[in-house]
Student: 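Sending over a structure as structure tokens; questions will come in a sec.
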Amino acid sequence: MDLDAITKHSALHAKPSGLILQYGTAGFRTKAEHLDHVMFRMGLLAVLRSKQTKSTIGVMVTASHNPEEDNGVKLVDPLGEMLAPSWEEHATCLANAEEQDVQRVLLDISEKAAVDLQQDAFVVIGRDTRPSSEKLSQSVIDGITVSGGQFHDYGLLTTPQLHYMVYCRNTQGQYGKATTEGYYQKLSKAFVELTKQAFCSGDECLLLKVDCANGIGALKLREMKNYFSQGLSIQLFNVGTTGKLNHLCGADFVKSHQKPPQGIEMKPNERCCSFDGDADRIIYYYYDADGHFHLIDGDKIATLISSFLKELLLEIGESLNIGVVQTAYANGSSTRYLEDVMKVPVYCTKTGVKHLHHKAQEFDIGIYFEANGHGTVLFSKTAEMKIKQLAEELEDKKRKAAKMLENIIDLFNQAAGDAISDMLVIEAILALKGLTIQQWDALYTDLPNRQLKVKVADRQVISTTDAERKAVTPPGLQEAIDDLVKKYKLSRAFVRPSGTEDIVRVYAEADSQESADSLAHEVSLAVFQLAGGVGESPQP
Ligand code: G16
């Protein structure tokens, strides 16, 4: 590495003085205008990580669900997973180093992580449709080239597509072909195979309306539509021609406001879904005949998938070990249903798919979904081999079930939660089981809940424990929450600092919507008072 050249180029991507950022829930995120130096430095870091792992590393430029003005960056590790925690620390150190310290920090990281600097490096880059993304990804490329790395710029990609590319490249194509065409072919082939015998009558069950959040999902779904000449008819809304990214639309908006996005025409009982800005989350919803809005979130997606997989395993007579992973945001009814009715073990981790993914790897079949619609299913190598073998050996109905499992393995993006792949899995399951969206929704009834955001001077004053379900600091906050929770029936509440936005998140659930709203509001006030709220105090 030519350290002098790096220093020279680094000065062209100067860090704004006093700016401190942290590698959070999903990488760095803040206003796009503050990110040029971070992008350059993440180019440098990706080269080091590539040299150390002797593998291709991914860099995704996106701020996913955040407003259009924000941007962000995250690194993707060799098997398509999120960056290892120790490297998150290196990323934070490098991003915050003052200009004169960049060389030293790079050498420190190389030494601590035993990076062989003579090793070749290869990095792949993807970006979302934000106006700032193209220029910022150019800064990543500057960082890669000046540190002697090779790269391939995929340009516009969904985040899960970039994870997929990295996984394919590091498994020498075994996982799939590392092109968007390869991705479309793999998923559509599995979908078509899986739904071959689906019972589906009338046009209704084939039509799905998709809110694309004015983001990359629209472009990629449009490309992919050509691969489905039959089987599924999708109609796209919020495709980015007029509206702003994630503004009044998209999965995060629908989930947190519990109402439909703007810009979509919904008729009663029509199946609709929303992607988020980089198409790694999906949420379903519909209006019933009485005009009531129903939200089907990540918890219900996990339940649908778990019950389908359990049925297939029962059919083939194989008892692979299944686990479902959720976070504190999981609706209490979903956890009870999974544990008590479906008899599936459920685990709770901290927010952030990196934590859920890690836990899910402990099972033969690890199903993980955040309530916000971010998730996927992981199959262990042993499970995959067993299923493949059974698909050859078994006969009749059992063989059919094993074949279905084989196809569903291919349909899931096992590198990361993926709105396109999850959508196809859900559509296939609904068609195969002949389920309407109402029947799916009726699996269990969600406890009324509310999520709020509180602005504080420094959100790091709040620290948590017990998978974020209890606040440790500031003093008195958890006691205040405990007292408030006691006032309501079937209630639960927690607070945590967001890792993607400069706010504190508040979650509350209770036996009625009124109680959930009121509890969330009271907890917000406690946060505002005890954790240094700024601006206007929370209004009911
Ligand atoms: C990211 C993470 C998710 C997380 C979400 C919110 O989503 O990938 O795992 O749930 O942020 O995180 P926080 O509550 O810490 O702000 P996305 O879709 O924005 O990448």
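Excluded from the calculations below are hydrogen atoms, water molecules and symmetry mates; all remaining heavy atoms, backbone and side chain alike, are included. Please read all numbers here as calculations on a predicted model, not as lab measurements. In listed order, ligands and their atoms are each counted from 1.
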Student: For K31, check side-chain hydrogen bond (donor to acceptor under 3.5 Å, both in side chains) against everything at least two apart and list the hits.
Tutor: D70

Student: Determine whether a donor-acceptor pair (N or O, by modelled atom type, separation under 3.5 Å) exists between the side chain of E509 and the backbone of N331.
Tutor: no

Student: Between CZ of R505 and OG of S524, what distance do you get to the nearest 0.5 Å?
Tutor: 12.5 Å

Student: Which pairs would a plain distance check flag for residues 72-86, meaning a side-chain donor or acceptor within less than 3.5 Å of a matching protein atom at least two apart in sequence or in another chain?
Tutor:
| residue | atom | partner | partner atom | Å |
| --- | --- | --- | --- | --- |
| D77 | OD1 | R49 | NE | 2.8 |
| D77 | OD1 | R49 | NH2 | 3.3 |
| D77 | OD2 | R49 | NH2 | 2.7 |
| D77 | OD2 | A84 | N | 3.0 |
| E81 | OE1 | L79 | N | 2.9 |

Student: Restricting to salt bridge (charged side-chain N to carboxylate O under 4.0 Å, His left out), what partner residues turn up for R169, sequence neighbours left out?
Tutor: none

Student: Distance under 4.0 Å, heavy atoms only, partner ligand 1: which residues pass?
Tutor: T25, A26, R29, S64, H65, D276, D280, R281, T351, G352, V353, E370, N372, H374, R496, S498, G499, T500, R505

Student: So, taking the atom named CG in L35 and the one named NE2 in H13, what distance separates them when rounded to the nearest 0.5 Å?
Tutor: 13.0 Å

